[in-house]
Amino acid sequence: MIKVCVADNYPVVHFGIKSYFKDHKDISIVANIGNFSMLNDILLEKEIDVLLLDLELEGLSSIITIKSIVKNFPNTKIIIYSGLPEQIYAPNVIKAGAAGFVHKNEKLGTLADAIIKAHEGKIVMNEEIKKSFALLAKKSKNERLYRKLSNREVEVLRYLSDGKKNHEIATILKLNEKTISTYKLRLLTKLNVTNLVDLVNKAKTLEIV
């Protein structure tokens, strides 16, 4: 029997899942929590095979936290069960160590299949997203980084690399100068640098411009 803990803010979710799995031959809901602060004690007190975790759970501040759970409780598989956009969050939670992502608009039968697959050591996510994720993983570092940038960000980065100032770029692209400053900040964050010189050098090194 696969022992499952449901970590979700809403009682209706707890009730619905518990009711569905009440007589399931392979899955048993053995714990329910409504706040992240309760999770550590539950995982220490009970043998939990699969944790159904909502990323919007009260007290859960970052996806990075998943790494700590995986490290501290390696025998517990984590499935993110959330209403957040799967195409954005699924790849990130898988990278963090989760066993899968199931969107809350899926049928509970799909959730049941996901729990069993995760318990077997398989990665669970929508097939189309899985294919996209696999293709991206095969790309070079440059291609993966380039993909993170929007078309507009690439344009701004190109002009910054040419030595143009914010107001000049704003004029060329017919945008507000403050908008250009916002794009610049995004570029600094995405390319993991702290100043313009390093930004331009990083872009050239990675052949983005």
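Residues L191 and L199 have side chains in contact (heavy-atom distance under 4.5 Å, counting atoms from C-beta outward). Using a 4.5 Å cut-off on side-chain heavy atoms (C-beta onward), I33 and D41 make no contact. At a threshold of 4.5 Å between non-hydrogen side-chain atoms, the residues L51 and L39 count as touching. Looking at heavy atoms from C-beta onward, I48 lies out of side-chain contact with V4 at the 4.5 angstrom threshold. Using a 4.5 Å heavy-atom threshold, the side chains of I17 and Y81 count as touching. Between L111 and Y20 there is no side-chain heavy-atom pair separated by less than 4.5 Å. Side-chain contact between I66 and L55 is present, with heavy atoms from C-beta onward closer than 4.5 Å. Residues I80 and D54 fail the side-chain proximity criterion, which asks for heavy atoms closer than 4.5 Å.
Listed for the K3 side chain is no donor-acceptor partner under 3.5 Å among the backbone atoms of I29. Remark: the backbone N or O of V197 is paired with a side-chain donor or acceptor of N201 at under 3.5 angstrom. Checking side-chain atoms of N35 against main-chain N and O of M38 turns up no donor-acceptor pair under 3.5 Å. The closest donor-acceptor contact from the side chain of S28 to the backbone of V30 lies at 3.5 Å or more, if one exists at all. At distances below 3.5 Å, at least one donor-acceptor pair connects side-chain atoms of S161 with backbone N or O atoms of L157. Of the possible polar contacts, none joining the H103 side chain to the E86 backbone as a donor-acceptor pair under 3.5 Å is found. Side chain of H24 to main chain of I27: a donor-acceptor pair is present (N/O by atom type, distance under 3.5 Å, no hydrogens or angles). Proximity of a side-chain donor or acceptor of H119 to a complementary backbone N or O of I2 within less than 3.5 Å is not detected. The closest donor-acceptor contact from the side chain of N75 to the backbone of D49 lies at 3.5 Å or more, if one exists at all. Under a 3.5 Å cut-off, the side chain of E45 and the backbone N or O of I42 do not form any donor-acceptor pair.
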Check against side chain to side chain contact (heavy atoms under 4.5 Å, CB included), N195 and D198: CA-CA 6 Å; N195 58 69; D198 288 342; 3.0 Å; yes
CA sep, side-chain torsions, deciding dist, call: T76, V70, side chain to side chain contact (heavy atoms under 4.5 Å, CB included): CA-CA 7 Å; T76 299; V70 172; over 6 Å; no
Worked verdict on T194 versus L188 for side chain to side chain contact (heavy atoms under 4.5 Å, CB included): CA-CA 6 Å; T194 57; L188 290 168; over 6 Å; no
D8/K104 under salt bridge (Lys or Arg N to Asp or Glu O under 4.0 Å): CA gap, chis, key distance, verdict: CA-CA 11 Å; D8 194 282; K104 284 186 175 179; 2.6 Å; yes
Chi angles and distances behind the side chain to side chain contact (heavy atoms under 4.5 Å, CB included) call for F73, N40: CA-CA 9 Å; F73 302 96; N40 194 66; 3.5 Å; yes
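Partners of Y159 by ring-ring contact (aromatic ring centres under 6.0 Å, His included), not counting sequence neighbours: none found. Take E120 and apply the salt bridge (Lys or Arg N to Asp or Glu O under 4.0 Å) test, not counting sequence neighbours, and it matches K122.
Across E58 and N9, no two heavy atoms sit closer than the pair N-OD1, 2.7 Å. Closest approach of A90 and M125 over heavy atoms only: CB-SD, 4.2 Å. Pairing each heavy atom of I79 with each of V102, the nearest pair is CG2-CG2, 3.9 Å. Between F101 and L84 the shortest heavy-atom distance is CZ-O, 3.6 Å. For the pair L108 and F21, the tightest heavy-atom approach, listed with the atom from each and the gap, is O-CZ, 4.2 Å. Minimum heavy-atom separation, N166 to S181: ND2-OG, 3.2 Å.
Cluster annotation: V6 is not connected to M1 through the hydrophobic network of ILVMFWY side chains, with a link wherever side-chain heavy atoms come within less than 4.5 Å. Linking ILVMFWY side-chain heavy atoms closer than 4.5 Å, directly or via other members, places L57 and F15 in two distinct hydrophobic clusters. Note: the hydrophobic cluster containing L175 also contains I172 (ILVMFWY, side chain heavy atoms under 4.5 Å, direct or indirect links).
To the nearest 0.5 Å, atom NZ of residue K184 and atom OG1 of residue T179 are 13.5 Å apart. In this structure, the separation between CG on L53 and CD1 on I69 is 5.5 Å, given to the nearest 0.5 Å. Taken to the nearest 0.5 Å, the CD atom of E168 stands 10.0 Å off from the CD atom of E177.
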